[in-house]
Amino acid sequence: MAKAEPVEIGRRLHEKEEAEKRTQRIADVLENKPKNYHVITDDSKLDAMIERLREEVRLQQKDEWFRRVFDLFNDTLIRRKLSERGIEIPLVKSLTVWDTETSGLDKMIDLSGGYSFWLPLLNEGYYVAYGHLTGEAQCTRSKALGVIRRFIEMADHIKSFHNAEYDLNIMRNDGLKPAGVRFDSQDAHWILNEHEKSHGLKPLFTKYKSMLGPEAAAMDDYTFEDLFGNESPMMYDSEIVGIYAIKDVHKGWLLTKWQIDTLVKTDDLARAYFEIRQYLPEVNTEITRTGFVIDLGRLRQLGEVYSAELEKAKRDFLDAYDIDDNFLYNMSMALKGDRIRDWCEKQQRRIDKQAEMLAKRKAEFKKANPTTKKYAQLKEWIERAESNPLIEPIPQNAPDYITEFNLSSNDHLAYLIYDHLGIKDITKQVVKDKSRSRAVSKDVLERYFEREESLKPLAKVSLYEKLLGTYIEKIPDALDVDGRLHTELNTVSTGRYSSKGYKGKPNDLFRENVTDDNFLEHIRCLVSAKEKSVPKGTNIQNIPSRNDEGLAVRKTFIPREGYTYLGSDLSSIEPRLQAHRMSVEFGDDTFAETFRKGLDSYIEFASMMFDVDRELCTEKAYKSGLINIPYRKLTKDMFLAKGYGQAEDQFVKTAVQRGITEEAARAGYAKFDVILPGFSKMVQETFAHLRKYGWTATLWGQKRRFPGYIEKYRRLCVLMKKAGIKGKDDPELGKKSRRFRTQVERNEFWDLIRFTGGCERSAFNHTIQGSGANVLQLCMIRSYYECTLARGWEFNLTLHDEQKHSVPNDQLTEEAVELYDDIMTNTVQLATPLACDTVIEPRWMEEYSPDEWDFNNCKPKGA
DNA sequence: TCTGCGTGCGCG
DNA sequence: AAAGCGCGCACGCAGA
């Protein structure tokens with residue numbers, strides 16, 4: 001029996017058992033269908049269903065819990081702000097829980113084939129079926145969607161979903177224009193516990209079941225997979241899918257109710273959720289669905305030019321070095337010697353063995369009878385062995401032997417630089433990570449260019465390889481069904497967004513005109529297509545901009561025909577937030593005052609900290625050669641260093657690289673705390689809060705928790721006491737750490753120092769970076785309502801401290817720019833004024849300030 | 001052929 | 001024997 005067979009039999013058995021289990025579960029679920037679950041498969045029942053929805057809405061008006069909750073949704077700063085501007089977010093009148101069952105997971109292509117909703121006060125749920133492929137009787141798609149269209153599109157009847165962005169996309173694919181999607185139990189859970197391993201509805205429900213009341217306790221935990229395996233629900237009967245779908249919204253309701261109550265009870269979490277987060281699913285969906293038009297012609301052109309440049313740089317590099325057989329031999333032995341030698345030995349043994357066999361069979365062959373089968377077999381074997389001798393056991397034949405110098409291989413480059421050329425390794429002087437050596441990164445290489453001119457093309461090689469590989473060659477293949485480039489936004493630990501590519505179904509599955517007649521046939525296509533097979537979209541937040549070559553890539557992002565970009569970034573938002581905290585919480589107004597006076601705070605503090613005239617602290621003074629130390633940059637570095645908790649030595653090191661003496665750098669560093677005493681107070685108080693509670697929060701109460709910090713800090717205190725260390729800032733910490741008697745204890749000590757230090761830096765940073773994210777989110781929310789919904793501007797981008805819309809050219813006026821400025825600077829009020837830089841862009845990064853723009857002709861002045 | 005990791009680099 | 005925050009992606013490499 002071949003080895004694979006038992007495995008295969010085992011697999012089949014397991015599969016069969018799983019299938020039987022699923023069948024049993026399905027039978028269970030059908031048998032125990034609750035009386036208050038209603039599966040609708042007949043158009044004539046739809047009106048009665050909607051009547052129940054109306055009844056629920058009526059009941060909620062009079063219910064105390066709901067009225068209190070509506071206030072939470074309604075009573076927000078952003079709503080008041082919008083109201084002042086004549087933009088009304090209608091007052092909330094009801095809250096129901098919804099879900100869609102779909103043909104798949106592609107956010108631009110897939111469609112719903114059923115929806116479910118839960119009516120909390122009536123305590124009943126509905127599932128409407130129209131896309132099932134079982135041939136059974138079901139509702140007509142247009143009727144099923146038609147009856148809920150108005151409700152789904154009403155902003156005052158708010159809907160809760162679990163992962164609302166997905167359902168919003170599906171509903172928009174269905175041709176609906178959903179509004180009032182204002183609760184997302186997945187988002188809410190992120191606010192309650194961002195460390196949750198799994199944010200799916202089922203795992204959350206199972207985990208928190210005991211807190212959700214007796215109704216929850218009685219419910220089973222079957223997951224989608226438990227019932228349907230990996231298949232689409234559209235392949236199953238509406239009855240079973242319906243029960244499952246209703247159970248989902250039922251669970252969703254229990255979770256939603258508990259979450260709202262918990263948000264209210266816990267610290268400031270209701271603020272984080274209701275002031276900001278409740279609005280974001282719609283805003284995010286709008287941004288990610290809008291995407292970017294790409295100037296493909298220009299991108300292709302750029303690709304051609306850069307490919308040529310890359311080839312040239314590679315040639316220049318290789319021409320300078322004699323990469324001959326000898327070089328490759330030495331490199332192979334240096335990098336892969338062990339594996340190559342190993343192979344040679346094994347190969348020699350194989351050869352010896354074959355020779356032995358050959359000799360043996362030749363002897364047998366001599367004796368064999370030519371008429372026998374054995375004779376023929378031996379003959380064939382000997383002939384084959386003699387005509388196909390095993391390759392020689394020399395290094396050049398080993399699979400690991402390197403036959404070509406690869407400029408993308410760090411190992412190859414390191415061999416060339418450190419072994420072949422014998423350049424002295426300065427990695428440790430340049431990079432932060434002390435454990436590293438033989439680095440071939442840009443910053444290290446730059447230092448070698450001076451003595452080894454021929455290495456210079458390497459800088460171009462990595463530049464063009466990055467641009468071509470990550471952007472230029474990727475983007476044309478990553479466009480979605482609308483021909484645009486999209487992205488997926490996620491929330492990270494501080495509350496910022498991250499952006500990434502995503503995978504979907506092939507674009508040719510997209511069908512523009514779906515009718516009741518072709519719907520099921522189309523669903524059949526969608527269901528049978530492989531999920532997540534085609535890479536689409538990119539990270540939109542790291543499109544190059546810091547050098548000309550990269551900038552050219554950004555310039556291929558263009559507004560749609562007849563529109564122009566209007567973009568704005570918040571100027572120095574993080575320093576302003578630091579200044580705000582220092583002023584409001586710690587009574588140090590110095591920093592805030594510089595912003596109020598409209599001064600360049602880095603120049604102001606540069607002058608104070610380094611004892612230099614203001615005039616000498618400008619960028620201009622440095623660039624013009626008036627002075628050879630970039631004081632403004634240095635000061636900016638220092639604020640960053642302080643904000644991220646950088647060590648003094650590390651700051652001094654980079655400062656010295658900028659041309660200042662070590663003494664002056666240290667003096668400036670020390671003076672920082674004299675001039676801005678509130679800064680270190682702010683940092684220390686934040687640490688104290690972290691030590692007490694294990695988390696920190698943004699100005700809007702959005703938490704970041706640091707699991708394990710409190711315990712580990714406590715343990716560290718015990719160890720520090722033991723060694724006579726006064727605290728983490730004891731200047732003799734290193735010296736005193738030698739007092740630990742055992743290596744184990746010393747290791748533990750340093751591990752704790754590293755861990756707690758990491759938490760502390762992240763925790764302080766969170767209060768600033770996270771608040772910055774909140775400020776921009778509020779700007780985004782306001783501009784979603786005021787620009788996108790009210791004025792029809794496309795919402796293309798959010799990028800940490802900036803956002804971008806596309807404005808129809810006939811709307812691009814001075815007033816439009818003023819509105820955008822107002823959104824950026826007056827949506828949020830801090831102890832420091834906010835400032836922004838608003839630009840008009842015919843292409844991304846082809847920027848014109850409003851003074852440079854001819855609003856009458858919608859083009860740059862003088863163009 | 002897939003997966004996980006290290007290194008390096010794009011962005012704020 | 002520590003000491004700059006927050007990300008995602010491409011590539012080489014090693015092991016399965």
Side-chain angles (χ1 to χ4, degrees), chain A residues 335-336 339 400 402 406-414 427 431-436 438-445 459 462-463 465-471 473-474 487-502 535 537-547 549-550 553-554 569-570 572-574 637-651 653-654 704 728-729 733-738 740 743 745-770 772-773 776 798-802:
Chain A
L335 298 179
K336 308 278 193 150
R339 292 168 72 97
D400 282 303
I402 300 162
N406 182 352
L407 282 105
S408 307
S409 164
N410 295 341
D411 288 350
H412 293 193
L413 290 174
T427 303
V431 301
K432 268 180 285 179
D433 184 353
K434 290 284 181 298
S435 66
R436 286 184 51 203
R438 292 165 66 91
V440 290
S441 53
K442 191 168 64 180
D443 42 0
V444 174
L445 289 188
S462 56
L463 170 71
E465 250 173 9
K466 182 76 179 174
L467 293 177
L468 285 164
T470 309
Y471 308 102
E473 284 163 1
K474 203 104 250 163
T487 188
E488 193 176 297
L489 295 174
N490 290 307
T491 306
V492 300
S493 50
T494 57
R496 271 191 175 184
Y497 289 116
S498 71
S499 159
K500 61 187 187 66
Y502 54 99
T538 62
N539 179 348
I540 215 82
Q541 295 180 325
N542 70 348
I543 306 299
S545 68
R546 290 175 185 171
N547 53 52
E549 293 87 347
V553 180
R554 268 199 193 200
D569 67 79
L570 291 160
S572 51
I573 183 64
E574 294 193 10
D637 284 351
M638 196 183 304
F639 274 88
L640 267 181
K642 292 278 182 180
Y644 297 153
Q646 189 182 42
E648 179 176 344
D649 286 357
Q650 195 62 40
F651 167 75
K653 202 163 108 181
T654 46
R704 179 172 179 184
K728 290 189 71 173
D729 46 5
L733 186 109
K735 206 171 111 192
K736 288 178 182 168
S737 75
R738 278 174 229 139
F740 290 115
Q743 190 64 36
E745 216 165 48
R746 213 169 304 148
N747 285 343
E748 192 194 358
F749 172 76
W750 286 113
D751 277 354
L752 289 170
I753 287 279
R754 215 194 332 268
F755 177 84
T756 55
C759 290
E760 285 150 9
R761 289 190 298 278
S762 302
F764 174 69
N765 176 64
H766 170 246
T767 67
I768 304 300
Q769 190 187 96
L776 188 77
T798 169
L799 215 174
H800 308 314
D801 62 358
E802 65 176 287

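Letters go in sequence order (proteins before strands), and every chain restarts at 1. Hydrogens, waters and symmetry mates play no part in the numbers below; they use all other heavy atoms, side chains included.
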Quick check for you: among C/dC5, C/dC9, C/dA1, whose closest atom lies nearest to any side-chain atom of A/Arg761? C/dC5
Between C/dA3 and A/Lys434, is there an OP1 or OP2 to side-chain N/O distance shorter than 4.0 Å? no
Can you find a side chain N or O atom of A/Ser498 that sits less than 4.0 Å from OP1 or OP2 on C/dG8? yes
Do any side-chain nitrogens or oxygens of A/Thr470 fall under 4.0 Å of OP1 or OP2 in B/dC9? no
Taking only side-chain N and O atoms of A/Thr494, does any of them lie within less than 4.0 angstrom of OP1 or OP2 on C/dC7? no
Polar side-chain contact A/Gln541-C/dC7 base: donor and acceptor under 3.5 Å: no
Pick the P atom in C/dA1 and in B/dC9, then give their distance to the nearest Å. 28 Å
When you check the phosphate oxygens OP1 and OP2 of C/dG15, does a side-chain N or O of A/Arg339 lie under 4.0 Å from one of them? yes
Does the B/dG10 base have a donor-acceptor partner in the side chain of A/Arg546 within less than 3.5 Å? no
Got a donor-acceptor pair under 3.5 Å from the side chain of A/Asp649 to the base of C/dA3? no
Does any N or O donor sit under 3.5 Å from an N or O acceptor when you compare the side chain of A/Arg554 with the base of B/dG10? no
Please confirm whether the shortest side-chain N or O distance from A/Ser409 to OP1 or OP2 of C/dC11 is below 4.0 Å. no
Counting side-chain heavy atoms from C-beta on, which of C/dC5, C/dC9, C/dG15 comes nearest to A/Ser762? C/dC5
Output the distance between atom SG (A/Cys759) and atom NE2 (A/His766), rounded to the nearest 0.5 Å. 13.0 Å
Indicate whether OP1 or OP2 belonging to C/dA14 is found under 4.0 Å from a side-chain N or O atom of A/Lys336. yes
What contact category does A/Lys466 fall into here, base, sugar-phosphate, or nothing, at under 4.0 angstrom with non-hydrogen atoms? base
Is a donor-acceptor contact shorter than 3.5 angstrom present between the side chain of A/Asn539 and the base of C/dG8? no
Base partner of C/dG4, which must satisfy Watson-Crick or wobble distances under 3.5 Å: none
